[in-house]
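Just so it is clear, the model here is predicted, and its values are computed rather than measured. Just so you know, these numbers use all the heavy atoms, side chains as well, and skip hydrogens, waters and symmetry mates. Just so it is clear: chains get the letters A, B, ... in the order the sequence lines come, proteins before strands, and each one is counted from 1.
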Amino acid sequence: MGKVTGFKELERQDRSYAPVGERVKHYKEFVIPLPEPEIRSQSSRCMDCGIPYCHNGCPVNNLIPDWNDLVYEGNWRSALDTLHSTNNFPEFTGRICPAPCEAACTLNITDSPVTIKSIECAIIDRGWEEGWIEPKISLRKTGKNVAVVGSGPAGLACSQQLARVGHSVTLYERNARLGGLLRYGIPDFKMEKHLIDRRLSQMLAEGVTFKSNTEVGITISVEDMLNEYDAIVMTGGSEFPRDMDVPGRELDGIHFAMQFLTQQNRRLADEQILANQSISANGKNVVVIGGGDTGSDCVGTSIRQGAKSVTQLEVMPKPPKMEDKTLTWPNWPLKLRTSTSHLEGADRDWSVATKAFYGDGGTVKGLELVRNEWEAGADGKTSMVEIPNSKFKLDADLVLLAMGFVHPKHTGMIEESGVELDDRGNVKAGIEDYKTSRKNIFVAGDMRRGQSLVVWAISEGRKAARSVDNYLMGSSTLPD
Amino acid sequence: MNQRSNTKERSGLYDPDHEKDNCGFGFIAHIKGKKTHKLVRDGLQILANLDHRGAVGADPLAGDGAGILVHIPDQLMREELARDNVVLPESGHYGVGMVFLPRDEDTRNRCVDSIIRSVASEGSTVLGWRDVPTDNACLGESVKPNEPIIKQVVISRPNGVVDQEEFERKLFVIRKQAHKKIWYPGEGDDGDSTGVFYITSFSSRLVCYKGMVLCTNLDSYYLDLSDDRMISAVALVHQRFSTNTFPSWKLAQPFRLLCHNGEINTVRGNINWMAARRATMSSKVLGEDLDKLWPLIGDGASDSATFDNALELLVAGGYSLAHAMMMMIPEAWNNNDLMDPARRAFYEYNAALMEPWDGPAAIAFTDGRQVGATLDRNGLRPARYMVTTDDLVIMGSEDGVLPVPDDNVVQKWRLQPGKMLLIDLEEGRIIGDEELKTSLAAKHPYQEWLDRTQIQLEDLPNEIGAMTPDPETLIQRQQAFGYTQEDIKQFLTPMGLNGDDPIGSMGRDTPIAVLSDRPKLLFDYFKQCFAQVTNPPIDPIREELVMSLVSLIGPRPNLLEPEGAGARHRLEVRQPIISNLDLERVRQIENHVDQAFKTSTLSATYPATDGALGMEKAIERLSLEAEEAVQSGFNILILSDRDVDSDHIPIPSLLATAGVHHHLIRTGLRTSAGLVVETGEARRVHDFCLLAGYGAEAINPYLAFDALTDLAPKLIQKVSVDELHQKYIKAITKGILKVMSKMGISTYQSYCGAQIFDAVGLSESFLSKYFTGTKCAIGGVGIDGIASESVRRHAIAYQGILQFSGALDVGGDLAFRLRGETHAWTPETIGLLQHAARSGDEKRYRAYAKKMNDQSKKLRNIRALFDLKFVDTPVPLNEVEPAKEIVKRFATGAMSFGSISWEAHTTLAVAMNRIGGRSNSGEGGEDPVRFKPLANGDSMVSRIKQVASGRFGVTAEYLVNATDLQIKMAQGAKPGEGGQLPGHKVDEWIGRVRNSTPGVALISPPPHHDIYSIEDLAQLIHDLKNINADARVSVKLVSELGVGTVAAGVAKAYADHVTISGFEGGTGASPITSIQHAGSPWEIGLAETHETLVRNQLRGRIAVQVDGGFRTGRDVVIGALLGADEFGIATAALVAAGCIMMRKCHLNTCPVGVATQDPELRKLFTGQPDHVINFFMFLAEEVRELMSQMGFRKFEEMIGRRDHLGVQPVIEHWKAKNLDLSRVLHSVYAAPGVATRHCEQQNHGLEKALDNVLIEQARDAIEDRKAVVIKSAVKNTNRTIGTMLSGEVARKYGHAGLEKDTIQLKLKGSAGQSLGAFLARGITIELEGGGNDYVGKGLSGGEIIIYPAKSGNFAPEQNIIVGNTVLYGAVEGECYFRGVAGERFAVRNSGVTAVVEGVGDHGCEYMTGGIVVVLGSTGRNFAAGMSGGIAYVLDENKEFDSLCNKSMVDLERIEIPTEDVDFEEVNSDLMKHDAQRLKGLIQAHFDKTGSDRAKQILELWEQYLPMFVKVFPVDYRRALMDLKRVQSEQSVTSENMMAGE
């Protein structure tokens, strides 16, 4: 540890944002990085804990104290190596990860965690800037062919790992471009897409073959794949959105969040959008149903598209502003989280359930809502109870459903392959070997664990790669 | 060895090898050699007066052994043998053998026959046999079955034997052969299966009477001793205090030449080295007889017996007794600039002949013509002597062992460290140490010989050292040797920058090596041994003068040809860690120094293609190569793994070293060549210690140097490569010194090869082959397992494993890392436990316990391997003892206020008091505020009060406010080490509680200076019992092999309670080396303790507590089944209170306010007593559930029930599957009626204390504060006078006590040990006579005045008045001693004012306050570690400057006063008025003691004043100045405020 008393002497200082008025005019990233000296002194706040809780808080188990120390010493290159040793794509997580590591940071006991995410981002950005990032091309080929299906963060991480130990990897993607949710789901203002492209470039050099516009189970049969490849890793994500069955759901102007977000990203990437399929928030009253991150992305995108108003509704009660740290830390706490998008001008309401949509001429005009309470039952589980006479209405020209994803899409690859599913409809596999019930088929990421964070996807992709390597070679030299 | 296992069966963990003994001893001799019976009777009287230094076990009549060595009573022998018509030749022409024979007739006949045949073979004849008359009525029941038949055999001087010298040698040869025939029988012979046969003495001069007899009964047993014809001019007596009581007649002392009080720590190495010499040994004097003496060592199980064996050889080989003693126990010559150069040369020269036999030792010896005594270099045993007008010299462990009229005393003195007392009975005079050594040193031109032959490595011509390789090769090598990032960051970097072994905190919670999934280094399988109780550790920093790192590389000379060594070259290094350049000097040495040396480098690697299975062959090959190299004339071997590469796997350097070392010992070639290790593997202190311990004379850690070179440009600090290397070497050597001193070993030469390690998890066959003699409680992996770990590392390095490419493994030993080593405390377990404790949610606790207990995937500790055996029908839970009863067995661990915050400390105390458990004060004293209950009924008092080596805040008041008094002998995280609280951490509050000055550093010495041995411990227990009879006295030990026998000794020393700490225990600050590698798991220590106590029938008398990593109810249950009554749980309780295992305690930056004194951080503490209580209640509930399933209703039913423990059937683990737990699980057989849990009380014998009378007579004073004067005669058996009385005062009046002189005790005689211990204010002891050791220990406000008998004829200022370690830990009060004090006067004094007329070595050591005036000379190392207080020393001979250890103090002249100041002013400012203060104290000394010395000084004050030196600690002066500044600022402020009003 560089500085024993750094945490006492220095205040937490994090990246700032461009002013709202300015940033909502475009779709570019608006985070203002900290200058190098500040990053270095922030990294000296790390206490190099005997038990680094951050390390467990982080799904890829980043060696946070280690690279903090290296940054403090100005040893950026080593910091980069250390960071890369556990995380293939720190530039993604450094931007969009909700940073459970910071929640777990010892200094979060007093609400001033080390700015781990910013430091991570600074390390990787600098790495690219300095040209330190090069393909790691394997010296020997194993002669084994592996297909990875789905090019989201799990698929990318898995492919990269497998290629680096000499397997011939083909990465399948049903969309035109690779990146999955990273590319299509996450708004550019949170993460610009050229970041993905340069990684893909690295992976190409490392020997990964990309096959886009190819949907396994539709374009190509699973059986053919099994014949062609020694192993298949399914990393298709959890795409099946949660819907609601209330009157008026069929009205125009009600869309799943992902339709909306994807379209905006395509638009920015100059992909063609058919006019009759265009969804726009411009000049509209927008209601986002669902209080999570996707909902928040809808808020920010709507504002940028020029919405008249944006309201975000959540069925659960408003979480406390501050968690009871004595009972939550170092775990991820339930607390009120306000995103940059929220700050750009959105109303939020909690404990609100949608009873119906109403419209005019087949187009949605508003929602009928009701307030509810959550009561704890005898078994300790809470259940929702409507508050009598609390019905109210809300105008809406565009409703975006952001209530999460239930499970992966079953039609196509999953059904054809016949792999066993778990209770929740995810593909069933062991958490250590990532093997499905079907020989030679592995699964990783949201397709296995259900909807989750990018960083979890990377983690699973890496671990699955190790398991595949182990399976094919009898042992593996890959890290997990 | 065979011998041993015959007599006492080794089973379970108990091993007779661990038995230790300390003792009382003494002699009386007539200087002119006049033989009388009275002298023999006096000898027996001495023995009787040392009774309290011995011990009795369960059987009150079975002592540990006593004996007497006297001249052969010629008349008695002559007349007795005449009855059988045997006519003896003249005295000196016949030899007498005293023989223990077995009762079984066949065996006995065999033994007798072997004597007869041996006598005959040496050309002598048996003149006759005599049945030694004995009366066994006084023998204990447990001893009688083993009572030998005791006979004396008388033999003639063979023809051709020219003198008595040669006759003695013959007798030696005969005895050896007679023993050999029986002890090491050949094929078809039976030997002596009873193990009784033993010849106690066989001499033409001396005869030894000894046995398993109480010392007071020796003459009732041996009727000869009461016979008037039993006359002698010398009587050496000895009374044994053994940790164990398995009757062994032959272990009683004296032996043939000596009796020994102490312990030889290096004995394993000494035995090996003796064996290794066989091939190089030859003797002109002994000639062919030398061969008949083998095996040289082995006729006794004890270190003392072994020492005697070696001494006999040296004497038989032609050395004088004194010379031989000086070789075996040399005084500290290495760093002693004051020593006469000729004497230094003598020692230096002899050092090459024999490594020191290191350890605390007071040895009395005689060959019949001379009698003498010597003390080890540290002076760790007391020995006082007296010369009388009637030509007697009386020596003993204490003063007053034989009453002598005052006017008969010519001189009273003590043996000083490293000094010898010798009386030549033939010359009829005492030969002083100076004369003796000067004459020996002058006998040969030692310096000349040295100049000619001694080569300093650094003086050899420069060579070229190897360069550091490119980064890629470097990292591959590091990987091949298992380097981790932690090695670089936590070890090499700080060591290279600071030159210190790095410090860490909290305990080790990672698996022992054999349970780890990761490839561990072989080093990690070994645990450092350390001294506890029977032997003190040393302070290598403050007592550096006794330490030496000098190592001699290369062949050793013929031990028995002392002059021959003058012809041989010897290569010396100042310390054993050598640079690349120095290594090349060794390698190229052949071309220098007349071709005296020839070096061969042997590769300790082997082809990678041979895999793991190839290693065994590789070592065999290496050993043979070594053997051939030596035989073909190479005399330095370098074992090198530098040629490691992708095709070559390195043999673990420790395995290579130990393997070759032992192979060469076995082939008798070891002393023909030196062993140097060139290795990339060694990097941490522990690694080097092991290489040294298994024979490396020098070590070159090339890869550590390479790593440092590589680091240099990357560091923020700009440091040169050379400096990094130097500092690293310094850090390592300092660390080695510390590890050596933990075991009480002071020289590298004797540490080398001494094997001071226990193994854990290595197979017996592996150990016996490569690590011969190393002990292991839990067997495990063998060569294949170890080899496969090497292979794994090699593969990581050279097979392009992506996981590790370009980066080292994270390690994760010190801090948790997910891809690193497994820890018990993880983010998950901490989170669960804290959430459970705070919410009171038992479900969360269960989740926590499950995580902790379930180790099916990742092993962390031994108990994971145990299986609890459940019954078919569980006891209904409501019938199981309630949780609120079970929690009473729980205590929190010892954590001082200072190491943790006030908030954390009191939270634990309140919690434990609420549930009826116990909290522990730790070693920092306790604020008296806490002694009173709080308004809400809570109490902040720590029921357990700790008494540690620093004695901080240990006052009479502190001691009476306890229910347990715990003597901390050792601490799990750092056994054998002291500690230091830096000045900046001692704030006003902590300073007050510790009776010290804020801002002044506080040092805890490694040993308790009043416990150097088991009988010393008994004394401290007695002292504590005296001050607070209601409290249980507890002794805290740390688990290591042999701890059970120490615990048995502790039980026999009357402790009520013993704690066995596991190595996982935590610490606020300790070298990581110790946290990780010292001590063993509690499972082992506890199992051994319980077993040994039960076997000794002592278990009922003592409560056994266990601690060190208890975290769940399952842990508690396993502890109980292995034999514990009570449980200490510190870390887990602290976690419940908020600790998150930051491991930053030593940095004061604890971010949760637990282990910090920073006011801002303390505010962050959120713990509540309820959190702690929740945790303990959950724990107890978990215990109850398991009890129910095992069928126990009461907790006590469970204690020691090992039959309920099994081994987990299937644990998938590549290493652990080989573990052998049978010795730990071995069921202990307890005879019917023998207790297997704590259920009896100790008999402390307090009713015999003089204080009972004193208290009666002081009733008025105690009740009504009325002044009383009490007169009494005292003798040395009146121990701990005034202490019980002080307890009464402190209980009633607290630390304030009574008004000065309220109780005046006027005593006359020689007072026993601990006179006035913890004496409370208001009590004054005035003693006419003399004091022994520990006078005024813990003085708490009282006053002690001692002067010699007024009728005495000697000059008091030249004689000793009080013994060693006077005023240890004294807090407050005054002392005046007319005469000289022994070693360590006023050690750790924190406030007493004392005047004395001379002191021994180490005066005022670790002193933190008070004033000491020495009106005479001091010994060496005065003021070592003295951080506070002031001393004034009269330096008449201008030598004080060189005697004082000036590392922490300044020496100042005393200014001649220019003004008169009043008394109050004098005492108000210690920075001024020295002259007035000094004069006042000397005046008081005169007034109270009538000292002539004081009178003279006062009369010639102007003349004397300039000769005084003021010793002023630098730290203290700064603190006083700070204090003064604050005070004046305050007074200015208050004046201003008043003015404002």
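When N75(A), T82(A), T86(A) are compared by the number of non-hydrogen pairs under 4.5 Å with chain B, T86(A) comes out ahead. Taking S839(B), P827(B), A815(B) one by one and counting their heavy-atom pairs under 4.5 Å with chain A, the maximum is reached by P827(B). The choice from N1148(B), L814(B), L1161(B) that makes the most heavy-atom pairs within less than 4.5 Å of chain A is L1161(B). Chain A forms the most heavy-atom pairs under 4.5 Å with one residue out of L1164(B), T826(B), T1166(B), and that residue is T826(B). Note: D1158(B) leads D1158(B), L715(B), V1152(B), D841(B) in heavy-atom pairs under 4.5 Å with chain A.
Residue T110(A) touches chain B through its side chain alone, counting heavy-atom pairs closer than 4.5 Å. Looking at E1160(B), neither its backbone nor its side chain comes within 4.5 Å of chain A, counting heavy atoms on both sides. Residue D324(A) does not touch chain B at all, counting heavy-atom pairs closer than 4.5 Å. Using a 4.5 Å cut-off between heavy atoms, L63(A) touches chain B through its side chain atoms alone. Using a 4.5 Å cut-off between heavy atoms, L327(A) touches chain B through backbone and side chain atoms alike. N61(A) touches chain B through backbone and side chain together, each having a heavy atom under 4.5 Å away. Within the 4.5 angstrom heavy-atom criterion, atoms from both the backbone and the side chain of L818(B) approach chain A.
Residues Y53(A) and I1140(B) form a side-chain contact, since some pair of their non-hydrogen atoms from C-beta on lies under 4.5 Å apart. In this structure, the side chains of K435(A) and Y471(A) come closer than 4.5 Å at one or more pairs of heavy atoms. Contact check for V114(A) versus S43(A): no side-chain heavy atoms found under the 4.5 Å cut-off. A heavy-atom distance below 4.5 Å is not found between the side chains of F442(A) and V148(A). The shortest distance between side-chain heavy atoms of R449(A) and E460(A) falls below 4.5 Å. Contact annotation: the side chain of I119(A) approaches that of W67(A) to within less than 4.5 Å [non-hydrogen atoms, C-beta and beyond].
Within a 6.0 Å radius of NZ in K381(A), other residues, nucleotides and ligands contribute 12 heavy atoms or fewer.
Classification of the W825(B)-Y848(B) ring pair by plane angle, with boundaries at 30° and 60°, yields parallel.
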